[in-house]
**Student:** 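Would you mind keeping the following structure in view while I ask a few things?
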Amino acid sequence: MFDVLIIGGGVSGMSCALVLGSAKKKPFVTDKKIGVITHQKTSSLQEAIINNAYGVAPGKLGTDLLVESMQHLSEIYPHIEQIPNEKVLKIEGEFSEFVVTTNKNTYKTKIIVVAIGYSNTFKIEGLMQHVEPHQKTLAEKQRIQLKNHDHKVTDGIYVTGTLAGWRSQVAIAGGSGATVATDILTLWNDGIQTQSHDSIKK
């Protein structure tokens with residue numbers, strides 16, 4: 001049983017995983033099991049060259065950033081389980097016991113973060129009732145989003161990045177994923193507002 005299972009290894013999903021990983025020493029996080037299904041084939045970064053994202057060296061290829069983010073997560077926060085080469089097909093259940101079925105395995109989790117792209121080829125059974133036209137792209141592109149309020153689709157299910165209705169920018173996607181991570185940390189901290197960062201003073 002995962003406490004959180006993140007679906008998607010693009011910018012927003014890995015950003016969410018990194019922030020959750022960094023909170024490991026907090027007493028309300030130490031016993032939490034966190035996983036990320038690192039499927040990246042539909043990431044917008046596959047064809048990107050990044051010149052305008054804070055903290056990213058100009059000229060960085062999106063394909064390189066995808067690989068480096070997984071390496072970063074595994075080196076700095078190895079307690080987060082990375083699940084490669086699996087595609088989610090179906091979500092069943094309700095908060096706090098969901099069943100996530102991929103093309104290879106089945107997982108149980110208390111919370112789900114959906115962090116995949118906004119393509120209209122989206123077909124995860126159990127989420128289709130939340131699909132609506134994307135509000136911040138040109139209609140002719142036929143992009144979609146999941147209906148949500150401040151990233152929350154329903155109890156125990158969050159959505160990040162472009163699928164949450166945000167525009168396709170690296171900085172926006174990263175911030176969206178980090179936002180959801182801090183919302184989950186706040187939930188675990190009995191509703192007390194929470195974030196996670198390091199300091200040279202500590």
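We use all heavy atoms of the structure for the numbers below, so side chains are in, but hydrogens, waters and symmetry mates are not. Counting from 1, the numbers follow the sequence of the chain as shown.
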**Student:** Testing the basics here: between A181 and C16, what is the closest heavy-atom pair and its distance to 0.1 Å?
**Tutor:**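 Heavy-atom minimum between the residues: CB-O, 3.5 Å.
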
**Student:** Does one hydrophobic cluster hold both F95 and L146, with members joined at side-chain heavy-atom distances below 4.5 Å?
**Tutor:**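 Looking at the clustering, L146 is in the same group as F95.
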
**Student:** Search all heavy atoms of E92 against all heavy atoms of T101 and return the closest pair with its distance.
**Tutor:**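 Scanning both residues, the minimum pair turns out to be OE1-OG1, 4.3 Å.
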
**Student:** So, does Q129 use its side chain to make a donor-acceptor pair with the main chain of G126 at under 3.5 Å?
**Tutor:**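 Checked: pair present.
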
**Student:** Is Q135 reaching over with its side chain to a backbone N or O of P133, donor-acceptor style, under 3.5 angstrom?
**Tutor:**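 Checked: pair present.
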
**Student:** Heavy-atom count check: over 12 atoms from other residues, nucleotides or ligands less than 6.0 Å from K141 NZ?
**Tutor:**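 At most 12 heavy atoms, drawn from other residues, nucleotides or ligands, come within 6.0 Å of this atom.
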
**Student:** State plainly whether one hydrophobic cluster holds both L18 and I76, where clusters connect Ile, Leu, Val, Met, Phe, Trp and Tyr through side-chain heavy atoms under 4.5 angstrom apart.
**Tutor:**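 Yes; tracing contacts between hydrophobic side chains, which count when under 4.5 Å, links both residues.
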
**Student:** At their closest point, which heavy atom of Y77 faces which heavy atom of S22, and how far apart are they?
**Tutor:**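 Minimum heavy-atom contact is OH-CB, 3.2 Å.
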
**Student:** Any chance you could measure L66, atom CG, to Q46, atom CD, to the nearest 0.5 Å?
**Tutor:**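 L66 CG to Q46 CD: 5.5 Å, rounded to 0.5 Å.
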
**Student:** Ignoring hydrogens, what is the shortest heavy-atom contact between A178 and V19? Give both atom names and the distance.
**Tutor:**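 Answer, listing the atom of A178 first, then V19: CB-CG2, 3.9 Å.
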
**Student:** Step by step, work out the side chain to side chain contact (heavy atoms under 4.5 Å, CB included) result for I116 and H39.
**Tutor:** CA-CA 8 Å; I116 57 180; H39 189 269; 5.8 Å; no

**Student:** Using side chain to side chain contact (heavy atoms under 4.5 Å, CB included), reason through N85 and K104 one step at a time and then give a plain yes or no.
**Tutor:** CA-CA 9 Å; N85 305 317; K104 296 181 181 179; 3.7 Å; yes

**Student:** Please determine whether the number of non-hydrogen atoms from other residues, nucleotides or ligands lying under 6.0 Å from atom CD of E47 exceeds 12.
**Tutor:**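 For E47, atom CD is not crowded (no more than 12 foreign heavy atoms under 6.0 Å).
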
**Student:** As an exercise, state the distance from CG of D3 to CD1 of I184, rounded to the nearest 0.5 Å.
**Tutor:**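 It is 10.0 Å, given to the nearest 0.5 Å.
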
**Student:** For atom CD of E94, decide whether the heavy atoms of other residues, nucleotides or ligands shown that lie under 6.0 angstrom number more than 12.
**Tutor:**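 No.
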
**Student:** Same hydrophobic cluster for L89 and I7, using side-chain heavy-atom links shorter than 4.5 Å among ILVMFWY?
**Tutor:**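 In one cluster with L89: I7, no.
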
**Student:** List the steps and the verdict of side chain to side chain contact (heavy atoms under 4.5 Å, CB included) for Q195 and L185.
**Tutor:** CA-CA 7 Å; Q195 62 278 326; L185 293 176; over 6 Å; no

**Student:** Taking atom NZ of K108 as the centre, does the number of heavy atoms from other residues, nucleotides or ligands within less than 6.0 Å exceed 12?
**Tutor:**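 Not more than 12 within 6.0 Å, no.
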
**Student:** Could you pull out every donor-acceptor pair under 3.5 Å between side chains of residues 153-165 and any protein atom, sequence neighbours left out?
**Tutor:**
from, atom 1, to, atom 2, distance (Å)
D155, OD1, K152, NZ, 3.0
T160, OG1, S12, OG, 2.8
T162, OG1, Y118, N, 3.4

**Student:** Between V131 and K147, what is the shortest heavy-atom contact and its length?
**Tutor:**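 Nearest pair, atom of V131 first, then K147: O-CE, 4.2 Å.
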
**Student:** Just so I know, are the side chains of V4 and K32 near enough to count as touching, which here means a heavy-atom distance under 4.5 Å?
**Tutor:**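 SC-SC contact between V4 and K32 ruled out.
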
**Student:** Please step through side chain to side chain contact (heavy atoms under 4.5 Å, CB included) for the pair I192 and F28, ending with a clear verdict.
**Tutor:** CA-CA 11 Å; I192 300 169; F28 51 88; over 6 Å; no

**Student:** Any side-chain donor-acceptor pair under 3.5 Å between Y107 and E81?
**Tutor:**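 Not at all, the side chains of Y107 and E81 share no donor-acceptor pair under 3.5 Å.
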
**Student:** Mind checking whether V36 and M70 have side chains closer than 4.5 Å, heavy atoms only?
**Tutor:**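 SC-SC contact between V36 and M70 ruled out.
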
**Student:** Mind checking the CG-NZ spacing from L65 to K60? Nearest 0.5 Å is all I need.
**Tutor:**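 Atom-to-atom, L65:CG and K60:NZ are 6.5 Å apart.
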
**Student:** Taking the side chain as everything from C-beta on, heavy atoms only, tell me whether F2 gets closer than 4.5 Å to V100.
**Tutor:**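 A side-chain contact is absent here, since even the closest heavy-atom pair is not under 4.5 Å.
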
**Student:** State plainly whether one hydrophobic cluster holds both Y54 and V11, where clusters connect Ile, Leu, Val, Met, Phe, Trp and Tyr through side-chain heavy atoms under 4.5 angstrom apart.
**Tutor:**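 Result: no, two separate clusters.
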
**Student:** With I6 as reference, evaluate I83, I111, V113, I37 under the side-chain contact (heavy atoms from CB on, under 4.5 Å) test and give the passing residue.
**Tutor:**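 Result for side-chain contact (heavy atoms from CB on, under 4.5 Å) with I6: V113.
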
**Student:** Can you tell me if CH2 on W166 sees more than 12 non-hydrogen neighbours from other groups inside 6.0 Å?
**Tutor:**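 No, CH2 of W166 has 12 or fewer neighbouring heavy atoms, counting only those of other groups under 6.0 Å.
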
**Student:** What I'd like to find out is whether the side chain of M1 reaches to under 4.5 Å of the side chain of K110, using heavy atoms alone.
**Tutor:**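 Yes, at least one pair of side-chain atoms sits under 4.5 Å.
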
**Student:** Say whether L61 and V170 are linked into one hydrophobic cluster, either directly or through other cluster members, by side-chain heavy-atom distances under 4.5 angstrom.
**Tutor:**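 L61 and V170: separate clusters.
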
**Student:** Please give me the minimum heavy-atom distance between S15 and G174, naming the atom from each residue.
**Tutor:**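 Between these two residues, the closest heavy atoms are OG-O, 2.7 Å.
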
**Student:** Between the main-chain N or O of I172 and the side-chain N or O of S176, is there a donor-acceptor pair closer than 3.5 Å?
**Tutor:**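 No; judged by distance alone, with no hydrogens or angles, the pair does not exist.
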
**Student:** Under a 4.5 Å cut-off applied to non-hydrogen side-chain atoms, are R143 and N120 in contact?
**Tutor:**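 No, too far: nothing below the 4.5 Å cut-off.
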
**Student:** Using a cut-off of 6.0 Å, state whether more than 12 heavy atoms not belonging to I49 lie near its atom CD1.
**Tutor:**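 It does not: I49 CD1 has 12 such atoms or fewer within range.
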
**Student:** Are I50 and L45 packed together at the side-chain level, in the sense that at least one heavy-atom pair is separated by less than 4.5 angstrom?
**Tutor:**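 Side chain of I50 against side chain of L45, heavy atoms only: contact under 4.5 Å found.
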
**Student:** Less than 4.5 Å apart, side chain to side chain, heavy atoms only: is that true for T182 and T194?
**Tutor:**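 Side-chain contact under 4.5 Å: no.
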
**Student:** Within the side chain of N51, is there an N or O that forms a donor-acceptor pair under 3.5 Å with the backbone of P58?
**Tutor:**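 No.
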
**Student:** E132 versus Q145: any side-chain heavy-atom pair under 4.5 Å?
**Tutor:**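 Side chain of E132 against side chain of Q145, heavy atoms only: contact under 4.5 Å found.
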
